[in-house]
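For reference, the structure is listed below as structure tokens.
Computed from a predicted structure; not experimentally measured.
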Amino acid sequence: MRTKSEEYRENARNCGELADEAKDLPSKNRYKRMQDAWLALAEEQDWLDGLSPPRK
């Protein structure tokens, strides 16, 4: 079974692929922001699960 942080990282990868395939700059930027948000959620989930120390 996958962890929540693994699911979030998979969502981030998907957004990165969509950004790479985007036909216009606004769409590319939107997908990049979504990718960053999913990665931030994954890091936070790792911390909540006790897998990483809090960031300073």
Side-chain angles (χ1 to χ4, degrees):
M1 181 174 207
R2 290 178 3 173
T3 65
K4 281 290 190 188
S5 61
E6 289 171 334
E7 290 180 33
Y8 297 160
R9 285 186 176 86
E10 179 64 24
N11 289 342
R13 278 189 291 277
N14 290 337
C15 288
E17 290 174 8
L18 290 169
D20 291 342
E21 297 169 4
K23 304 292 185 212
D24 56 76
L25 188 58
S27 295
K28 184 179 193 74
N29 290 338
R30 184 177 312 115
Y31 287 124
K32 285 294 193 182
R33 285 192 308 272
M34 290 170 63
Q35 181 183 28
D36 292 343
W38 281 116
L39 289 173
L41 283 170
E43 288 181 16
E44 183 174 350
Q45 189 65 51
D46 283 343
W47 175 75
L48 290 171
D49 292 340
L51 300 174
S52 65
R55 292 178 62 180
K56 293 181 181 182

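Contact between Cys15 and Met34 at its shortest, heavy atoms only, is SG-CB, 3.8 Å. In this structure, Tyr31 and Leu18 approach most closely via the heavy-atom pair CE2-CD1, 3.6 Å.
Rounded to the nearest 0.5 Å, atoms NZ (Lys4) and CD (Glu44) are 13.5 Å apart. In this structure, Glu10 CD and Asn14 CG are separated by 4.5 Å, a value rounded to the nearest 0.5 Å. Annotation: the span from Leu41 atom CG to Asn11 atom CG amounts to 9.5 Å, rounded to 0.5 Å.
Among the candidates Arg13, Glu6, Glu7, the single residue satisfying the side chain to side chain contact (heavy atoms under 4.5 Å, CB included) test with Arg9 is Arg13.
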